[in-house]
**Student:** 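One structure, pasted below without further comment.
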Amino acid sequence: MHVVIEDVGFSYRNRHVFSGLQAIFHENEVTALVGPSGSGKSSLLAAIAGFTEPTQGAIWLVANDDRLRPRPAAVSWIAQGAIVLNARTSLDNVLLGPLSEGKTHEEAVELGMRALDDVGLSERAGSLCSTLSGGERQRVAVARSLASSRPLILADEPSAGLDEANTRGLSHLFTTLRRTATVIIATHDPVMIDAADDVINLRSSTR
Ligand SMILES: Nc1ncnc2c1ncn2[C@@H]1O[C@H](COP(=O)(O)OP(=O)(O)OP(=O)(O)O)[C@@H](O)[C@H]1O
Ligand SMILES: [Mg+2]
C-alpha cells in the first residue's frame, strides 16, 4: 500500500501551517518526513493515520486498484518515548499488536517471539518493561509493530531521547520494518534521515 498526498494543506483557525503538498510515500521504503519545528509533520502524520483530516486536499491509501481513505486500523503507531506498559513484560507488550488484529494467543506468541528476536531482545521477553532501558523500550515498541501486520507504520520522532548508538540501532530496525509495510518517520535526527530511502521536506515542498 502506498500513500498519496494530493494538494494537502493544514491550517488551525487563522494559523496557516502549510498548503499545496503533493507527495507519495512508497511501499517497502522508509521515508523521513522532515521540516523545522511547527512545519506540520505531526499534523500530517495524524491525518495519514486517519485520526484527523487535512483542512485542504485529500490523502489516499492505495493498494492494487483500491483507493481508500486513511483509517486507524491500517496503522501501527510508534510513539515518541516508547509507549509501553511498564508493569507488563516485553512479550506481553508485543502481543498487543497481533492480538488486536484477531490472531490467536498461540499465533501471537510465535509472531511476538520472532519479532523480539529481530530486535535483539528475545532474552528479555519475560522482563518487565519497567526494568528495561529507554532504548530497549523503544525496541519493544518496534517489535510490536513488527509482530503486527498493519500495512502502514508511522513514527513521530521515535529517536527523541535516545543516544547515538541506540538511534543507529533503531534506524537499522526501521529498514527491517519496511519489508512488509510503508514506513513514515517524522524526525529531526540526521542519523534517521541518513538511513531513510527517501526524504520529504515539508518546508521545501509546500507553499
Ligand atoms: N490542535 C491545534 N490547534 C491549533 N494549532 C495547532 C494544533 N496542533 C498543531 N498546531 C500548530 O500547527 C503547527 C504545526 O504543528 P505540528 O505539531 O504539526 O508541527 P511539527 O512539524 O510536528 O513540529 P515539531 O517538530 O515541533 O514536532 C504549529 O504551529 C502548531 O502550533
Ligand atoms: Mg511534531
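These numbers come from a predicted model, not from an experiment. Ligands are counted one by one from 1 in listed order, and the atoms in each one are counted from 1 as well.
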**Student:** Taking only heavy atoms of the protein into account, state which residues are under 4.0 angstrom from an atom of ligand 1, in chain and number order.
**Tutor:**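 The answer is Y12, R15, V17, P36, S37, G38, S39, G40, K41, S42, S43, E157, H188, counting any residue whose heavy atom sits under 4.0 Å from ligand 1.
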
**Student:** Hey, is R139 close enough to D118 for a salt bridge, meaning N to O under 4.0 Å?
**Tutor:**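 The answer is no: the pair does not qualify as a salt bridge.
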
**Student:** State whether S37 contributes an N/O/S atom found under 2.8 Å from the Mg ion (ligand 2).
**Tutor:**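 Checking S37: none of its N, O or S atoms is under 2.8 Å.
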
**Student:** How about E6 and I59: do any of their side-chain heavy atoms sit closer than 4.5 Å?
**Tutor:**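 They are not in side-chain contact.
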
**Student:** Mind checking what makes side-chain contact (heavy atoms from CB on, under 4.5 Å) contact with T167, not counting sequence neighbours?
**Tutor:**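 By the side-chain contact (heavy atoms from CB on, under 4.5 Å) rule, T167 matches S159, L162, D189, V191, M192.
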
**Student:** Pairs under 3.5 angstrom only: tabulate donor-acceptor contacts from the side chains of residues 36-44 to other protein residues two or more places apart or in another chain.
**Tutor:**
unit_1: S39; atom_1: OG; unit_2: P36; atom_2: O; d: 2.6
unit_1: K41; atom_1: NZ; unit_2: G35; atom_2: O; d: 2.9
unit_1: K41; atom_1: NZ; unit_2: P36; atom_2: O; d: 3.2
unit_1: S42; atom_1: OG; unit_2: D156; atom_2: OD1; d: 3.4
unit_1: S42; atom_1: OG; unit_2: D156; atom_2: OD2; d: 2.7
unit_1: S43; atom_1: OG; unit_2: Y12; atom_2: OH; d: 2.8

**Student:** May I ask you to list the residues sharing a hydrophobic cluster with I193, side-chain cutoff 4.5 Å, ordered by chain and number?
**Tutor:**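 Members besides I193, by chain and number: V34, V199.
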
**Student:** Are side-chain heavy atoms of N93 and S90 found at a separation under 4.5 Å?
**Tutor:**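 A side-chain contact is absent here, since even the closest heavy-atom pair is not under 4.5 Å.
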
